[in-house]
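Proteins get letters first, then strands, A, B, ... in listed order; numbering begins at 1 in each.
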2 protein chains.
Amino acid sequence: MAVSVREVAAAASVSVGTVSNVLNRPDKVAPATVERVLSAIDDLGFVRNDAARQLRAGRSRSIGLVVLDVRNPFFTEVARGAEDRADADGLTVLLGNSDEDAARESAYVASFEEQRVHGVLVSPIGDDLARLRRLRERGVPVVLVDRVAPDGVLSSVSVDDVAGGRLAAAHLLGLGRRKLAFVGGPSGIRQVADRIEGAGLSVGDVPGASLEVISTEALTVLEGRAAGMAVLERAAGDRPDAVFAANDLLAVGLLQALVMHGELRVPQDIALIGYDDIDFAAAAVVPLSSIRQPAALIGHTAVDLLLREAADGERFSAEQIVFQPELIVRASTVG
Amino acid sequence: MAVSVREVAAAASVSVGTVSNVLNRPDKVAPATVERVLSAIDDLGFVRNDAARQLRAGRSRSIGLVVLDVRNPFFTEVARGAEDRADADGLTVLLGNSDEDAARESAYVASFEEQRVHGVLVSPIGDDLARLRRLRERGVPVVLVDRVAPDGVLSSVSVDDVAGGRLAAAHLLGLGRRKLAFVGGPSGIRQVADRIEGAGLSVGDVPGASLEVISTEALTVLEGRAAGMAVLERAAGDRPDAVFAANDLLAVGLLQALVMHGELRVPQDIALIGYDDIDFAAAAVVPLSSIRQPAALIGHTAVDLLLREAADGERFSAEQIVFQPELIVRASTVG
DNA sequence: TACTTCCATTGAATCGTTTCATTCCACCTT
DNA sequence: AAGGTGGAATGAAACGATTCAATGGAAGTA
């Protein structure tokens, strides 16, 4: 059914080798021949079979990227940064969405390996990196994204989440708030755990300050709204006076719940700060204070590191790149 | 370097055919043999080569999807819907982002064809569908997403954008507004053109009403902000009293510009309505009225249609599925 | 004219998996 | 004991592009 080089070769009265040369090294072929082959390709509607190319080449021309949540603009931005960088080397980024589910993550990684990608970028869920380590040992470059490897055996590009958590909590404490709540989860996600830890450090520095953890099932707008409703239902004296949300999606959901009901004011009654500083943070009901991460730069750098690892082959050494987060103050904390 | 079935076969003292059977039809192989092969696979760290599988199979197990903008939650949602449906058939969705650039769109479509995908879902930019039609003629199922084919020669799943535009403008007019402005562009994007057309129809029905078009380079938050600043700089009497944004991203940007400056109130001075009803619309500074489109359903239905076309082979007939949009009223129009 | 150079072209071998017609073998029937 | 049955395993062929050593031939040199 489909047209192959063989048929193109026949139609142009040349050998298959020549057709291949026209496709890949046209300068090595006489102009008249190029012309003839090209028009045969056009006439027959020949389309290269990528599977065959890749089989021969031994590698695909892509990089795999697994993110926790494509609906989170932070990750979309990371992906864009990665794409930009990959593009410069003629590579494509395959985007996988784990939806914070370890099984989906594994499935994507496995599929990427079967596709013989140049390497894999992962924002992994749990702390079990054994599988990724084995992948690396099998020769596939792996770079953790938005996350450091605990034992430094894998490369990573991340932002210091402990520092970010500390920054957020210190800001709230600096405003005089004392009853802090952290909203986020599940705590199996390292970013979440680190941000809690950082917040805890800041809170520990201030006598009389407390940090409550309100756990969520996921880092989504919907979960944020639910958490907000839960806070609303409490007795007035029982509510936190400041909330640090694990990411902006949650913060936006919290805002919806808190503000829409009209009973509580942000920031007067409850100050709110998010994380990531996505585009929508500045446009929220109450413009959202947040901790900014250089999303696109993370993606860009991760691909960079990946390609360096791929070039170094066996004798690579894992490298950890850590960016510092930045506090962005808006109306949701400073009315 | 890499381990192949041949080596697994040798290690397990069976033939390559048996290894393949273990992988694909384990019930056809004696349990003891399965065991032996599996452990050989494990020992050697064998990983199937997808390129070889696909070459043999003649097709990939994916569907290509090209969207106008991945950063637009509307398209993310479409993609999710498509993924869900594809998953049910064991297929994967390859996501391409044209960023409203025709060249990037073509590049993705070409790459998808080389990958021998089951079909291609495209939200095309211009009106030149010749290339897609030729693709369809070469036997690759094509379904337009969020867009009808003008001549009905290609299948499509869309929402009636003219109706949506009419709905939005009628709502604004119903509130007593007369100086309407449409913000959006480039008009080469059909959705934009249709929404303008629909708005024009509604405006035409009301004597004394006018519709100005404020053109943008793209449908992004940033462009919306720029358009908002432009409106702010006008003399008070020269400003529209209602704005219909081509999508929610623009509307969010407009809001940022209009409200942050404190001079103009939404909706009192300017009523604002967006399009798509993304999650963030409800959480905006001023909760955003919008025209809702069933994003996930569009993706789901598009894959459905694609698979049907693929099954019907040559004697398929293009089918147009059109959903109706829905007006969602929030504070940005009705204070 | 004989010989070398160099460019264009050739075509068989290769990548790794799947398929399928064939072979093998053990067990059952009569 | 001969023949039959069916489950298990085999291995060569095929998928389609690329590569590379080999070949052909034209132009250039002595």
Asks: Is there a side-chain contact between Gln54(A) and Arg61(A) in this structure, where contact means two heavy atoms from C-beta onward sitting under 4.5 Å apart?
Replies: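 Gln54(A) vs Arg61(A): side chains apart.
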
Asks: Under 4.0 Å, heavy atoms only, any strand: does Ser4(B) hit a base, just the sugar-phosphate, or nothing?
Replies: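 Ser4(B): backbone/sugar contact only, no base atoms under 4.0 Å.
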
Asks: For atom CZ of Arg36(B), decide whether the heavy atoms of other residues, nucleotides or ligands shown that lie under 6.0 angstrom number more than 12.
Replies: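 Yes, enclosed.
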
Asks: Quick check: any donor-acceptor pair below 3.5 Å linking the side-chain of Arg56(B) to the base of dT17(C)?
Replies: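 No such pair is found, so the answer is no.
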
Asks: Assuming nearest nucleotide by heavy-atom distance, tell me which of Val19(A) and Ala52(B) is located more 5' along DNA chain D.
Replies: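 Of the two residues, Ala52(B) wins.
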
Asks: Does a donor on one side chain sit under 3.5 Å from an acceptor on the other, for Ser39(A) and Glu35(A)?
Replies: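 Ser39(A) vs Glu35(A): no donor-acceptor pair found between side chains.
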
Asks: Name the nucleic acid region contacted by Arg6(B), choosing base, sugar-phosphate or nothing; use a 4.0 angstrom heavy-atom cut-off, strictly under.
Replies: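 Touches a base.
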
Asks: Nearest-Å distance, CZ (Arg61(A)) to P (dA17(D))?
Replies: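 Between P of dA17(D) and CZ of Arg61(A): 14 Å.
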
Asks: By the 4.0 Å heavy-atom rule, please label Gly17(B) as base, sugar-phosphate, or nothing.
Replies: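 Base, at least one base heavy atom under 4.0 Å.
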
Asks: Would you indicate, yes or no, if dT18(D) has its OP1 or OP2 atom less than 4.0 angstrom from a side-chain nitrogen or oxygen of Arg53(A)?
Replies: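 The answer is yes; a side-chain N or O of Arg53(A) sits under 4.0 Å from OP1 or OP2.
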
Asks: Nearest nucleotide by nearest heavy atom, which residue falls closer to the 5' end of DNA chain D, Asn21(A) or Thr33(B)?
Replies: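 Checking each residue's closest nucleotide, the 5'-ward one belongs to Thr33(B).
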
Asks: Within the structure shown, what part of the strands sits under 4.0 Å from Asp50(A) by heavy-atom distance: base, sugar-phosphate, or nothing?
Replies: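 Nothing, no nucleic acid heavy atom in range.
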
Asks: When you get a sec, tell me which of dT18(D), dT9(C), dA8(D) is the closest nucleotide to the side chain of Val16(A)?
Replies: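 My answer, after comparing the listed nucleotides, is dT18(D).
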
Asks: Check the distance between dG16(D)'s P and Glu7(A)'s CD and give it to me in whole angstrom.
Replies: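 In whole Å, dG16(D) P lies 8 Å from Glu7(A) CD.
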
Asks: Side chain of Ser98(A), backbone of Val67(A): donor and acceptor closer than 3.5 Å?
Replies: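 Checking the backbone N and O of Val67(A) against the side chain of Ser98(A), a donor-acceptor pair under 3.5 Å is found.
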
Asks: In terms of side-chain heavy atoms of Thr18(A), which of dA17(D), dT10(C), dT19(C) is nearest?
Replies: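 Looking only at side-chain atoms, Thr18(A) lies closest to dT10(C).
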
Asks: Whole angstrom is fine here: how far is it from NZ in Lys28(B) over to C1' in dG6(D)?
Replies: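 Value for this atom pair: 11 Å.
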
Asks: Assign Arg25(B) to base, sugar-phosphate, or nothing according to its heavy-atom contacts below 4.0 angstrom with the strands shown.
Replies: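 Sugar-phosphate: the residue Arg25(B), judged by heavy atoms under 4.0 Å, touches backbone atoms but no base.
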
Asks: Take the protein atom CG of Asn24(B) and the nucleotide atom P of dT19(C), then report the distance between them rounded to whole Å.
Replies: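 Value for this atom pair: 6 Å.
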
Asks: Among dG11(C), dG16(D), dT10(D), which is the nearest nucleotide to the side chain of Val14(B)?
Replies: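 From the listed options, dT10(D) comes nearest.
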
Asks: dA9(D), dT17(C), dT18(D): which one has an atom nearest the side-chain heavy atoms of Ala30(B)?
Replies: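 Of dA9(D), dT17(C), dT18(D), dA9(D) is nearest to the side chain of Ala30(B).
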
Asks: Glu309(A) and Ser155(A): side-chain donor and acceptor closer than 3.5 Å?
Replies: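 There is such a pair between these side chains.
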
Asks: Take Arg36(A) and Arg116(A), find for each the nucleotide of DNA chain C with the closest heavy atom, and name the residue whose nucleotide sits nearer the 5' end.
Replies: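 With Arg36(A) and Arg116(A) compared, the 5'-side residue is Arg36(A).
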
